[in-house]
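Reading through the structure tokens given below for one structure.
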Amino acid sequence: MPAKRRTALLSGTVVDGSGDAPFVGDVIVADGRIEAVIPLSSRPATGYDAEAVDAAGFVVAPGFVDIHCHSDLTRLTYPDAESRITQGITTEVIGNCGMSAAPTGGDAAGLAEVIATIDVTPDQARPWASVAEWLAVLDSSPSAANVAALVGHGSARHAAAPGRGTQLTPAELTALVAEVDAALDAGCVGVSLGLMYAPGESAARDELSAVADVVARRDSLLAAHLRDYDARALDDSIAELTAIAGDARVQVSHLRATHADGRFAETLAGLERLREGQDLAADCYPYTAGHTTLLQLLPSEVRAAGPAAALTLGPETLAQLLREAGWEADQIIVMKAAATPGAVGMSPAAHPDPWGWLAHTLVANDALVDVAVESGSAADVDLALQTGWVTIGSDGTALSAGHRTSAPHPRSWGTFPAAFRRMRALGVTLPSAVRRMSVASAERIGVPSGLRAGLPADIVVFSEEELDSRATFAAPAQPSAGIRDVFVNGIAVRRNGAATGARPGRLRRKEHAL
Ligand SMILES: [Zn+2]
């Protein structure tokens, strides 16, 4: 047998992701897996037969696990996953918010409409129809970061009952359940709901419960973009989700309150009570601005009628509805508007008729406009970051610095370092912060994470003092500060602050008992 290829990360501050206290020690990597984690006091006198990497003065931690992102298509376009690796993410979970890149139901163009909001690289080839085919493409397309996939309810529904409004026929419901079952068979780690997006928004309760029943039966995860994050509707939206979920394990995606009213602590307390009887957790990102489709700012009855119907209202009515939506013009920045590229990065506040300009932008782009909206409060974000069962998820995407077809929210590049910095400032301990950026999320979906013998060697080596985001709305495509080395499946994808060009990322299927 050829000798094993070994790397020894020496004398680092080992934070293994369990939440246990850090210790100074060595992490030995052999053939892609962690072979041993050895406290300095137990280091063998003979040393290790391995390539040595001095980690003294640095934290050696599990690579970060981004439980909520939208790289379904972009990770194929940008296989070096620069926006992910430079912030220490080694595994991304895609297929969120009801939107996954499969199944297409044989209607790829129709699915492209369903998932338009995550489709920022429209030229990306999509050589698949079923979820199994999609996962096979992900598995065989080299990438710097690992990936695990949820199947989106909206995508599965499109495949089972394209164009259907509220009520599915019994045959369509059976077909939808079969799509979800097939996706979980193929290796998806759960199902996502997008209760604020078409078609999930108009799905009947019994349909959503039938999907949740499959999730419960398969012991996978039901992740949900709630129906409404507005502070006045948030508790009801959570109650709706937990009722839908039944016995399914639940993940409240990107937990936050828009139009904050100071009641977020009560919402968290309510979730805390629900957790006593239900397997429920949440993820959050450290920003007060969200990123969504411009259509989402319109009243729910307009959204529910679909983009084509919204456009028939005409620019004047649309301008009126946007004006009445309750936002200030300077809270909004246009992030995607392919037909009017000059609008990208602009706030309507820069125009003499802000709402008219925004409505015209919507019409000119056939409703395919994304916006960032300054919609939450910093105090609420801090509360979520201080909550032990809330893990970190970016809601971002794998991008390169050269990405031009949309303006990325800085969360795509900076979520984990920004969350780390803020959590530490709020008094969250180093082991707890690391756990909530890695193992705690991995446990929700049953993929491996942690510095333990036998696990895949997904490792980040960072400076505890320097780790921070440099991404801003003005200049989002910035590598984070303080990330020195990143290993994925034992291979360095970043060394001494520079990309190595290696693409050792793999598809992760659910393999660990939950
Ligand atoms: Zn979402």
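Small disclaimer: the values here were computed from a predicted structure and weren't measured. Sequential numbering from 1 along the given sequence is applied to the chain's residues.
Ser83 contributes a side-chain N or O that, together with a main-chain N or O of Leu399, makes up a donor-acceptor pair within less than 3.5 Å. At least one donor-acceptor pair under 3.5 Å links the side chain of Ser100 to the backbone N or O of Ala102. Arg421 contributes a side-chain N or O that, together with a main-chain N or O of Leu467, makes up a donor-acceptor pair within less than 3.5 Å. The backbone N or O of Gly106 lies less than 3.5 Å from a partner atom in the side chain of Thr104, making a donor-acceptor pair. Between the Glu92 side chain and the Ala145 main chain, no donor and acceptor come within less than 3.5 Å of each other. A donor-acceptor pair is defined here as one N or O able to donate and one able to accept, closer than 3.5 Å; no such pair exists between the side chain of Asp370 and the backbone of Met335. Between the side chain of Lys510 and the backbone N or O of Leu184 there is no donor-acceptor pair closer than 3.5 Å. Between the side chain of Ser71 and the backbone N or O of Ala398, at least one donor-acceptor pair lies under 3.5 Å. Judged by distance alone, with hydrogens and angles left aside, the side-chain atoms of Asp72 form a donor-acceptor pair with the main-chain N or O of Ala101 at under 3.5 Å. No donor-acceptor pair closer than 3.5 Å links the side chain of Ser463 to the backbone N or O of Gly482.
Nearest heavy-atom pair, Gly505 versus Asn146, reported as atom, atom and distance to 0.1 Å: CA-OD1, 3.4 Å. Across every non-hydrogen atom of Pro431 and Asp20, the tightest pair is CB-O, 3.3 Å. Scanning all heavy atoms of the two residues, the minimum distance from Ala186 to Val131 falls at CB-CG1, 4.2 Å. The two residues Thr13 and Pro22 make their nearest non-hydrogen contact at CG2-CB, 3.8 Å. What you find for Leu385 and Arg436 is that their closest heavy atoms are O-NH2, 2.7 Å. Of all the heavy atoms in Leu73 and Gln124, the pair that sits closest is O-CG, 3.9 Å.
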Pair Leu430-Phe420, side-chain contact (heavy atoms from CB on, under 4.5 Å): steps then yes or no: CA-CA 9 Å; Leu430 173 63; Phe420 178 84; 3.7 Å; yes
Test log, rule side-chain contact (heavy atoms from CB on, under 4.5 Å), inputs Val189 and Arg508: CA-CA 9 Å; Val189 295; Arg508 287 278 156 79; over 6 Å; no
Derivation of the salt bridge (Lys or Arg N to Asp or Glu O under 4.0 Å) call for Arg422 and Asp382: CA-CA 8 Å; Arg422 192 64 196 149; Asp382 283 353; 2.7 Å; yes
side-chain hydrogen bond (donor to acceptor under 3.5 Å, both in side chains) between Arg43 and Ser11, worked out: CA-CA 10 Å; Arg43 180 187 288 172; Ser11 308; 2.9 Å; yes
CA sep, side-chain torsions, deciding dist, call: Asp139, Arg506, salt bridge (Lys or Arg N to Asp or Glu O under 4.0 Å): CA-CA 6 Å; Asp139 207 15; Arg506 299 303 306 262; 3.4 Å; yes
Evaluation steps, side-chain contact (heavy atoms from CB on, under 4.5 Å), between Leu241 and Leu193: CA-CA 9 Å; Leu241 172 62; Leu193 302 177; 4.2 Å; yes
From CA spacing to verdict: side-chain contact (heavy atoms from CB on, under 4.5 Å), Val211, Val214: CA-CA 5 Å; Val211 169; Val214 180; 5.7 Å; no
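In this structure, Asp80 and Ser400 have side chains that are not in contact, with every pair of non-hydrogen atoms separated by 4.5 Å or more. Side-chain contact between Val434 and Pro62: present, with at least one pair of heavy atoms (C-beta onward) separated by less than 4.5 Å. At a threshold of 4.5 Å between non-hydrogen side-chain atoms, the residues Leu255 and Asp283 do not count as touching. At a threshold of 4.5 Å between non-hydrogen side-chain atoms, the residues Val460 and Val486 count as touching. You'll find the side chain of Ile392 reaches within 4.5 Å of the side chain of Cys284, heavy atoms only. Using a 4.5 Å heavy-atom threshold, the side chains of Asp16 and Val37 count as separate. Taking 4.5 Å as the limit, some side-chain heavy atom of Met423 sits within range of a side-chain heavy atom of Met437.
Classified by interplanar angle (parallel below 30°, tilted 30° to 60°, perpendicular above 60°), the ring pair Phe462/Phe64 is tilted. Aromatic ring pairs are classed by plane angle as parallel below 30°, tilted from 30° to 60° and perpendicular above 60°; the pair Tyr229 and His254 is tilted.
A 6.0 Å sphere centred on CZ of Arg275 holds more than 12 heavy atoms belonging to other residues, nucleotides or ligands. Around the CG atom of Asp31, the shell of radius 6.0 Å holds more than 12 heavy atoms that belong to other residues, nucleotides or ligands.
The salt bridge (charged side-chain N to carboxylate O under 4.0 Å, His left out) analysis of residues 396-410, with sequence neighbours excluded, yields no pairs. Residue pairs meeting the salt bridge (charged side-chain N to carboxylate O under 4.0 Å, His left out) criterion with at least one member in residues 177-192, sequence neighbours excluded: Asp181-Arg217, Asp181-Arg218, Asp185-Arg218. A salt bridge (charged side-chain N to carboxylate O under 4.0 Å, His left out) check over residues 466-486, counting only residues at least two apart or in different chains, returns the pairs Asp485-Arg495.
By the ring pair (Phe, Tyr, Trp, His ring centres under 6.0 Å) test, Phe487 pairs with no residue at all, sequence neighbours left out. Applying the side-chain hydrogen bond (donor to acceptor under 3.5 Å, both in side chains) test to Gln478 and every residue at least two apart in sequence or in another chain returns nothing. Residues forming a side-chain hydrogen bond (donor to acceptor under 3.5 Å, both in side chains) with Ser394 (at least two apart in sequence, or on another chain): Asp66, Arg84. The salt bridge (charged side-chain N to carboxylate O under 4.0 Å, His left out) test applied to Asp279 returns Arg249, Arg444, not counting sequence neighbours. With sequence neighbours left out, Glu464 forms a side-chain hydrogen bond (donor to acceptor under 3.5 Å, both in side chains) with Arg424. Looking at residues two or more places apart in sequence or on another chain, you find a side-chain contact (heavy atoms from CB on, under 4.5 Å) between Glu133 and Trp128, Ala129, Ser130. Legend: residues meeting side-chain hydrogen bond (donor to acceptor under 3.5 Å, both in side chains) with Thr86, ordered by chain and number and at least two apart, are absent. Partners of Arg256 by salt bridge (charged side-chain N to carboxylate O under 4.0 Å, His left out), not counting sequence neighbours: none found.
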What pairs of donor and acceptor atoms, side-chain ones from residues 110-119 against any protein atom, are under 3.5 angstrom apart with sequence neighbours left out?
from, atom 1, to, atom 2, distance (Å)
Asp119, OD1, Arg126, NH2, 2.9
Asp119, OD2, Arg126, NH1, 3.3
Asp119, OD2, Arg126, NH2, 3.1

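For the residue pair Glu82 / Trp413, no side-chain donor-acceptor distance below 3.5 Å is found, with atom types taken as modelled. For the residue pair His158 and Asp107, a side-chain donor N or O sits within less than 3.5 Å of a side-chain acceptor on the partner. His409 and Tyr287 form no side-chain donor-acceptor contact under 3.5 Å, judged by distance and modelled atom types alone. Side-chain polar atoms of Tyr197 and Thr292 form a donor-acceptor pair below 3.5 angstrom.
Because its NZ or CZ atom is both nearer than 6.0 Å to the ring centre of Tyr285 and within 45° of the ring axis, Arg411 counts as a cation-pi partner of that residue.
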